[in-house]
Amino acid sequence: MRIDIISIFPEFFGVLDISLLGKARERGLIELGVHDLRDFAHDRHRTVDDTPYGGGAGMVMKPEPWGEAFDEVLGGPGAGAESSVVVFPSPAGERFTQATARELALEPHLVFGCGRYEGIDQRVIEHTKTRPGVRVREISLGDYVLNGGEVAVMAMIEAIGRLVPGVVGNPASLTEESHEDGLLEYPSYTKPASWRELQVPPVLLSGNHGAIAAWRHDQQVERTRRVRPDLLPD
Ligand SMILES: N#Cc1c(-c2ccc3ccn(Cc4ccc(CN5CCCC5)cc4)c3c2)n[nH]c1N
């Protein structure tokens, strides 16, 4: 998988050089390209924003730098991929879920366009949809407003990257997580068996794998019913 990110804060993504994704990149499982949108703004001040048509507070991101950035990124190393998905993080987007992460983890090339200010000129999204071999998705991290797309893209890349085959050492651990089976995860415990008068549930020490699996599923259902009843079927 190749991931390209376009942002006016490219330094924001330096952290992707370490941790899980850093190792995935070292092993060639994920290629990452980060691009400064201002490199595609050619005036003296490298301007990327302007006042909104129709008035209103704040500034809107100009279309020209975005157009040139996508010309390069979609015509660059990522162009080798048979297709690209361009993701625009947006408070007005479809909700990002584990299912979204699973879908995007199967794509050969992802491009994230990180907006700032009050957003990106809508013609950028519309024009990107016309590019050959490109699918566009506007995706929201959640129902709150951030100051830009970078934090959302970091979260999305972490959720997607860990699902890319080979990135996580034990793939079985991916199937027992919250939201993988539509339920929240069961509680976890490790040594010591007794800690500050608190005991590990005895079933987990029983060695009875059937009983342990049943207890864990019951815990998932109980926790989901208590914390996220919206996830349970009607
Ligand atoms: N993913 C995700 C996001 C984002 C997100 C993603 C990308 C950008 C780019 C800029 N902003 C800031 C912004 C955007 C819209 C408004 C509303 N305005 C009203 C009239 C015109 C816009 C105000 C601030 C962004 C926020 N927020 N929350 C999420 N889950």
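All ligand and atom numbering here is 1-based and tracks the order in the structure. The figures that follow rest on heavy atoms only: side chains count, while hydrogens, waters and symmetry mates do not.
The N/O atoms of M156, backbone and side chain alike, include none that comes under 3.5 Å of an N/O atom in ligand 1. The shortest N or O to N or O distance between L141 and ligand 1 is under 3.5 Å.
In this structure, atom 29 (C) of ligand 1 lies nearest to the protein heavy atom Y144 O, 3.4 Å. Nearest to atom 3 (C) of ligand 1 among the protein's heavy atoms is P91 N, 3.8 Å. For atom 2 (C) of ligand 1, the closest non-hydrogen atom of the protein is S90 N, 3.6 Å. Nearest protein heavy-atom neighbour of atom 27 (N) of ligand 1: L146 N, 2.9 Å. Protein heavy atom at the shortest distance from atom 30 (N) of ligand 1 is G142 O, 3.0 Å. Among all protein heavy atoms, the one lying closest to atom 25 (C) of ligand 1 is G148 CA, 3.6 Å.
Residue contacts with ligand 1 for S140 involve both N, CA, C or O and side-chain atoms from C-beta outward (heavy atoms, distance under 4.0 Å). Within the 4.0 Å heavy-atom criterion, neither part of P52 lies near ligand 1. Neither the backbone nor the side chain of D143 comes within contact range of ligand 1; no heavy atom lies under 4.0 Å. Of all the heavy atoms of I120, none lies under 4.0 Å from any atom of ligand 1, so neither backbone nor side chain is involved.
Under a 4.0 Å N-O distance rule, the pair R137/E94 qualifies as a salt bridge. Look at E26 and K23 and you find no salt bridge, because none of the NZ, NE, NH1 or NH2 atoms lies under 4.0 Å from a carboxylate O. Comment: R2 engages D4 in a salt bridge, judged by a side-chain N to carboxylate O separation of less than 4.0 angstrom. At a threshold of 4.0 Å, the pair R162-E158 does not count as salt-bridged, since none of the basic side-chain nitrogens sits closer than that to a carboxylate oxygen. Checked for salt-bridge contact, R116 and D49 miss the test: no charged N lies under 4.0 Å from a carboxylate O. Using a 4.0 Å cut-off between charged side-chain N and carboxylate O, D36 and R38 make no salt bridge. D17 and R25 are joined by a salt bridge, as a carboxylate oxygen and a charged side-chain nitrogen come within less than 4.0 angstrom of each other. With salt bridges taken as basic N to acidic carboxylate O contacts below 4.0 Å, one links R131 and D71.
Listed for the S140 side chain is no donor-acceptor partner under 3.5 Å among the backbone atoms of A92. Of the possible donor and acceptor atoms, none in the side chain of S194 sits under 3.5 Å from a partner among the backbone N and O of E197. The backbone N or O of L184 lies less than 3.5 Å from a partner atom in the side chain of Q220, making a donor-acceptor pair.
Of the candidates E138, E118, R116, E150, it is E118 that places a heavy atom closest to atom 22 (C) of ligand 1.
Every heavy atom of F96 sits 4.0 Å or more from the atoms of ligand 1.
Short contacts between ligand 1 and Y117, defined as distances under 4.0 Å to a heavy atom of the residue, involve ligand atoms 10 (C), 11 (N), 12 (C), 13 (C), 24 (C). Annotation for ligand 1: atoms under 4.0 Å from non-hydrogen atoms of A152 are 1 (N), 2 (C). Every atom of ligand 1 with a heavy atom of P89 under 4.0 Å away is listed here by number and element: 1 (N), 6 (C), 7 (C). Of all atoms in ligand 1, numbered sequentially from 1 with element shown, those under 4.0 Å from a heavy atom of N147 are 11 (N), 12 (C). Which parts of ligand 1 touch I139 is read off a 4.0 Å heavy-atom cut-off, strictly below it: atoms 1 (N).
Ring to ring, F70 and F112 are not that close: their centroids are 6.0 angstrom or more apart.
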